[in-house]
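Below is one structure; the comments refer to it alone.
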Amino acid sequence: MERLRRDDREGVFDTNQKTLMFAAAVGWATARDEVDLTEQVPSKTGDSIRLDIFRTADDLPFLDALAVDREDDLKVMSDERQPDRITLFEQYAAAGLAKMRHYCIEDNPDSLLDGLIRLMTDLDREAGGDLPGLDGVF
């Protein structure tokens, strides 16, 4: 994740928050049916994601939307289920980061951005060309 930040010379994202949001979207697209609330995502620090880094108006609604989609139940929006929503986000982000690592580092592309473009192209192809925002880009 650190290599994807712009403070690295070849990084793509401005912040860890933006990296995690993108990773969660990738994880949702690639591992939607594989997440499991009973499984905790291992962390190098032992901490879960800090909600205070998600500051934009779209961040928490995005986390909530991922949970509602996965659980197919609006009851996941209750205050007592917030830990479940965070766990789902962490799992999607972990799955997305693994996919991004594969495309951006393990496949050894010319640049991290090239790896992300290949990832998005493959996801778009798998979705039948229906991903929003990619029309006319490639």
Side-chain angles (χ1 to χ4, degrees):
M1 188 166 79
E2 291 172 9
R3 284 191 59 199
L4 290 168
R5 271 198 330 258
R6 280 208 179 128
D7 52 344
D8 185 323
R9 209 168 16 126
E10 64 176 333
V12 177
F13 299 98
D14 291 331
T15 64
N16 283 343
Q17 174 266 351
K18 291 179 180 180
T19 306
L20 286 172
M21 295 296 279
F22 185 85
V26 170
W28 177 84
T30 59
R32 186 174 323 169
D33 298 325
E34 298 168 21
V35 298
D36 180 0
L37 275 174
T38 62
E39 179 181 325
Q40 295 296 314
V41 177
S43 167
K44 288 182 181 179
T45 64
D47 297 330
S48 65
I49 291 176
R50 293 183 0 248
L51 283 182
D52 62 320
I53 70 168
F54 298 99
R55 296 185 189 122
T56 71
D58 297 330
D59 290 348
L60 292 179
F62 178 71
L63 273 70
D64 294 343
L66 291 175
V68 169
D69 176 71
R70 176 62 176 100
E71 295 296 293
D72 196 26
D73 184 358
L74 287 176
K75 291 179 184 172
V76 75
M77 294 298 299
S78 67
D79 289 341
E80 58 270 3
R81 298 279 313 268
Q82 184 180 37
D84 292 341
R85 295 192 305 272
I86 294 168
T87 297
L88 285 169
F89 177 79
E90 289 172 338
Q91 291 174 349
Y92 282 130
L97 285 170
K99 187 66 83 169
M100 291 162 65
R101 180 177 45 247
H102 173 77
Y103 275 82
C104 295
I105 296 168
E106 294 168 3
D107 275 0
N108 201 20
D110 294 331
S111 74
L112 296 174
L113 182 58
D114 288 343
L116 287 177
I117 290 171
R118 270 199 343 268
L119 169 60
M120 294 307 297
T121 301
D122 287 353
L123 289 175
D124 187 45
R125 188 176 308 115
E126 290 171 15
D130 291 336
L131 289 180
L134 294 179
D135 296 338
V137 175
F138 303 104

Test item: Val76 and Asp64 side chains (from C-beta on) under 4.5 Å apart, heavy atoms:
no
Would you say that Lys99 contacts Leu123 through its side chain, given a criterion of any heavy-atom pair below 4.5 Å between the two side chains?
no
Under the side-chain contact (heavy atoms from CB on, under 4.5 Å) rule, what do Leu4 and Phe22 come out as? Steps first, then yes or no, please.
CA-CA 11 Å; Leu4 290 168; Phe22 185 85; over 6 Å; no
Counting only heavy atoms not in Asp72, do more than 12 sit closer than 6.0 Å to its CG atom?
no
Determine whether Leu20 and Thr15 make a side-chain contact, defined as any pair of heavy atoms from C-beta on separated by less than 4.5 Å.
no
Less than 4.5 Å apart, any side-chain heavy atom of Glu71 and any of Asp84?
no
Taking atom CD1 of Ile117 and atom CG of Asp124, what is their separation to the nearest 0.5 Å?
13.0 Å
Heavy-atom nearest pair, Gly27 first then Ala95, reads CA-CB, 4.1 Å
Is it the case that the side chain of Arg85 and the backbone of Ser78 share a donor-acceptor pair, with hydrogens and angles ignored and the cut-off at 3.5 Å?
yes
Ile105/Leu112 under side-chain contact (heavy atoms from CB on, under 4.5 Å): CA gap, chis, key distance, verdict:
CA-CA 7 Å; Ile105 296 168; Leu112 296 174; 4.2 Å; yes
Would you indicate whether the side-chain heavy atoms of Leu88 and Leu66 approach each other to under 4.5 Å?
no
Please test Met120 against Tyr103 for side-chain contact (heavy atoms from CB on, under 4.5 Å), starting from the C-alpha separation and ending with a verdict.
CA-CA 10 Å; Met120 294 307 297; Tyr103 275 82; over 6 Å; no
Below 30° counts as parallel, above 60° as perpendicular, anything between as tilted: where do the rings of Phe62 and Phe89 land?
perpendicular
Minimum-distance pair of heavy atoms, taken over all atoms of Glu34 and Thr30:
OE2-O, 4.1 Å
Check whether any side-chain heavy atom of Val12 lies under 4.5 Å from a side-chain heavy atom of Thr19, and answer yes or no.
no
Return the minimal non-hydrogen interatomic distance between Gly115 and Cys104, and the atom names on each side.
C-SG, 4.0 Å
CZ of Arg81 to CG of Leu74: how many Å apart, nearest 0.5 Å?
11.0 Å
Look up atom CE in Met21 and atom CG in Asp59, then write down how far apart they are to the nearest 0.5 Å.
4.0 Å
Distance from Tyr92 atom OH to Leu97 atom CG, nearest 0.5 Å?
15.0 Å
Could you give the distance from CD (Glu80) to NZ (Lys75), rounded to the nearest 0.5 Å?
11.0 Å
